[in-house]
S.K.: 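Quick one: this structure, given as structure tokens, is what I'll be asking you about.
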Amino acid sequence: MTCEETGVLLSGLLDGRLSDEQAAALNAHLDGCPHCRRELEQLRRLEGIMKGLSLSQLPDQVWDEHWRQVYNRLERNAGYILAGAGATVLLCYALYAACREWLQDAGIPLAVRAGCALLALGMAVLTASTVREKLLTFRHDRYKEIQR
Amino acid sequence: MSVEDSSPREQELIRAASSGHKDAFGDLYRMYAPRIFSIASGLLLDRDEALDVTQETFIRAWRALPRFHQGSPLFPWLYTIARNRCMSRLARRSRDRECVEFDDRVGGETDHSTRTVEIRRDLARALAELKPEHREIILLRHFQDLSYEEIAGSLGCPVGTVMSRLHHARKALAAGMAPWKED
Ligand SMILES: [Zn+2]
């Protein structure tokens with residue numbers, strides 16, 4: 001076993017993740033290699049330094065306040081989706097009302113009327129979706145400004 | 001693969017939250033937001049950005065929750081979202097921040113001895129100098145006490161990769177801590 005191969009196993013040893021064969025091979029190498037023994041010693045020391053240290057945390061009331069902000073954003077998102085859906089329905093109805101007579105005109109082939117109806121419906125959905133996206137982006141940007 | 005099984009309470013909250021109960025989602029938030037924040041702040045080295053990332057993570061999680069695989073633990077899934085946010089912020093950043101912030105209490109007690117303070121400062125600076133991938137795996141293993149399997153689940157990589165990346169990270173960190181090595 002070379003020192004290069006031993007390297008990764010040293011981490012496994014620290015974490016108790018080696019198989020019996022791996023541990024035996026590593027120990028055999030360590031017996032004859034002061035370089036790798038020193039490396040293991042350094043890794044153990046590093047582990048000792050980090051043990052008991054924890055990353056700085058925020059007080060609980062920060063999380064309560066933060067959750068309220070998240071909650072509001074979730075609720076508003078739901079509002080924008082509903083508003084988008086409502087706008088789509090209204091837009092479709094307005095288009096239908098405007099073209100009703102023409103759509104019911106038996107003189108125009110059914111395929112043409114159906115095609116025009118679907119085209120109008122598709123345009124309405126696209127418009128509503130674009131409006132909703134713009135609203136969300138606008139709100140998001142404004143939010144960012146308030147945060148800074 | 002999940003070694004640490006999700007608790008029944010967590011599963012109950014996930015079910016309720018995915019059917020639209022925001023209060024259940026709030027409980028999940030209180031369980032996991034501090035952990036997500038602490039890794040994000042260690043990774044980004046910036047508390048304000050870490051708070052932003054925590055918020056973005058939970059808003060995305062709320063939308064994606066109906067697609068969450070019921071029964072698996074929530075943390076690795078949440079962390080995957082947070083990690084994407086952090087990595088894209090790091091990629092946009094022109095210059096690195098200076099150090100990782102630790103809690104003042106060491107092992108539950110406040111220790112202000114010169115040596116402890118110096119070691120801590122040295123470690124904070126050395127961690128900040130690591131590549132983000134290395135810093136990340138040190139944070140997950142040493143400061144979140146995650147198992148290899150949990151780390152693999154959080155990073156979306158094989159367990160073997162965890163051992164080797166962890167080793168390279170530890171080696172780089174030990175090299176950065178040079179003054180204390182022979183102490
Ligand atoms: Zn060797």
Side-chain angles (χ1 to χ4, degrees), chain A residues 3-19 22 36 38-78 80-81 136 139-140 143-144 146-148, chain B residues 20 22-23 25-26 29-30 33-34 37-39 41-42 47-48 51-52 54-55 58-59 62-63 100-109 111 119-120 122-124 126-127 138-139 141-144 147-148 159-160 162-171 173-175 177 180-183:
Chain A
C3 294
E4 189 64 30
E5 290 164 336
T6 308
V8 173
L9 294 184
L10 291 177
S11 260
L13 183 70
L14 283 181
D15 297 322
R17 299 289 309 200
L18 297 189
S19 66
Q22 284 174 317
C36 287
R38 205 176 321 118
E39 190 167 329
L40 178 62
E41 196 43 51
Q42 284 175 4
L43 292 176
R44 287 220 166 102
R45 193 161 291 159
L46 182 67
E47 179 135 318
I49 291 173
M50 286 193 279
K51 209 179 188 103
L53 271 182
S54 52
L55 296 169
S56 70
Q57 263 303 347
L58 298 173
D60 286 349
Q61 61 265 33
V62 171
W63 293 114
D64 288 338
E65 171 56 30
H66 202 239
W67 164 245
R68 270 194 292 278
Q69 290 178 19
V70 173
Y71 185 95
N72 289 338
R73 284 186 67 179
L74 297 179
E75 205 162 59
R76 267 173 242 155
N77 282 351
Y80 285 113
I81 291 167
L136 279 176
R139 188 196 50 73
H140 190 72
Y143 179 77
K144 282 277 172 228
I146 294 167
Q147 280 281 296
R148 298 291 152 199
Chain B
K22 293 198 189 70
D23 289 338
F25 191 64
Y29 179 85
R30 282 183 199 91
F37 166 78
S38 101
I39 309 175
S41 87
R47 283 170 159 237
D48 291 340
L51 264 178
D52 282 354
T54 308
Q55 196 170 95
F58 279 86
I59 285 165
W62 170 256
R63 290 193 205 127
V100 171
E101 286 179 65
F102 294 117
D103 200 321
D104 265 352
R105 293 174 305 267
V106 178
E109 287 173 28
D111 181 350
I119 291 179
R120 220 183 296 163
D122 208 38
L123 176 66
L127 267 173
I138 296 279
L139 293 172
R141 177 76 190 119
H142 289 278
F143 295 97
Q144 294 293 322
S147 68
Y148 278 25
V159 175
V162 173
M163 200 194 286
S164 68
R165 193 183 295 177
L166 199 46
H167 180 67
H168 290 121
R170 282 167 169 160
K171 241 182 119 167
L173 187 58
M177 297 278 293
W180 304 104
K181 280 200 297 191
E182 310 301 336
D183 195 51

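As the structure is a prediction and not an experimental result, all values here were calculated from the model. Lettering follows sequence order; numbering is per chain, from 1.
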S.K.: Which bit of A:L43 comes within less than 4.5 Å of chain B, counting heavy atoms only: side chain, backbone, both or neither?
M.R.: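 The answer is the side chain of A:L43.
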
S.K.: Between A:D60 and chain B, which part of the residue has a heavy atom less than 4.5 Å away: side chain, backbone, both or neither?
M.R.: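 For A:D60, there is no contact with chain B at all, as no heavy atom is under 4.5 Å.
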
S.K.: Of the non-hydrogen atoms in B:H167 and A:S11, which two are nearest, and what is the gap between them?
M.R.: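 Looking at all heavy atoms of both residues, the closest pair is CA-OG, 3.2 Å.
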
S.K.: Under 4.5 Å between any side-chain heavy atoms of A:W67 and B:F25, yes or no?
M.R.: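 Side chain of A:W67 against side chain of B:F25, heavy atoms only: contact under 4.5 Å found.
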
S.K.: Side chain, backbone, both or neither: which part of A:L55 has a heavy atom under 4.5 Å from chain B?
M.R.: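 It is both, since atoms from each part get that close.
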
S.K.: Does any non-hydrogen side-chain atom of B:L173 lie less than 4.5 Å from one of A:M50?
M.R.: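 Touching, per the 4.5 Å side-chain cut-off.
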
S.K.: Who wins among A:L14, A:V8, A:V62, A:V70 for the most heavy-atom pairs under 4.5 Å with chain B?
M.R.: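 Option with the greatest count: A:V8.
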
S.K.: Considering only heavy atoms and a distance below 4.5 Å, find which of A:L9, A:L46, A:D15 pairs most often with chain B.
M.R.: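 The residue among A:L9, A:L46, A:D15 with the greatest pair count is A:D15.
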
S.K.: Does A:R17 reach the side chain of B:V159, with side-chain heavy atoms less than 4.5 Å apart?
M.R.: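 Sidechains of B:V159 and A:R17: in contact.
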
S.K.: Chain A heavy atoms under 4.5 Å from B:R30: which part of the residue, side chain, backbone, both or neither?
M.R.: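 Side chain of B:R30 only, per the 4.5 Å heavy-atom cut-off to chain A.
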
S.K.: What part of A:E41 gets within 4.5 angstrom of chain B, counting heavy atoms only: side chain, backbone, both, or neither?
M.R.: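 Neither part; nothing is under 4.5 Å.
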
S.K.: Please look at B:L51 and chain A and tell me whether the side chain, the backbone, both or neither of the residue comes under 4.5 angstrom of a heavy atom of that chain.
M.R.: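 The answer is both parts of B:L51.
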
S.K.: Which region of B:R141, side chain (C-beta onward) or backbone (N, CA, C, O), has a non-hydrogen atom less than 4.5 Å from a non-hydrogen atom of chain A, or is it both or neither?
M.R.: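 For B:R141, the contact with chain A is made by the side chain alone.
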
S.K.: Salt-bridge test for A:E65 and A:R68: reply yes if a basic N is under 4.0 Å from a carboxylate O, no otherwise.
M.R.: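 Looking at A:E65 and A:R68, the cut-off is met.
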
S.K.: Is the shortest side-chain heavy-atom distance between B:L139 and B:Q144 below 4.5 Å?
M.R.: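 B:L139 vs B:Q144: side chains apart.
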
S.K.: Can you find a pair of side-chain heavy atoms, one from A:H66 and one from A:Q69, that are under 4.5 Å apart?
M.R.: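 A side-chain contact under 4.5 Å exists here.
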
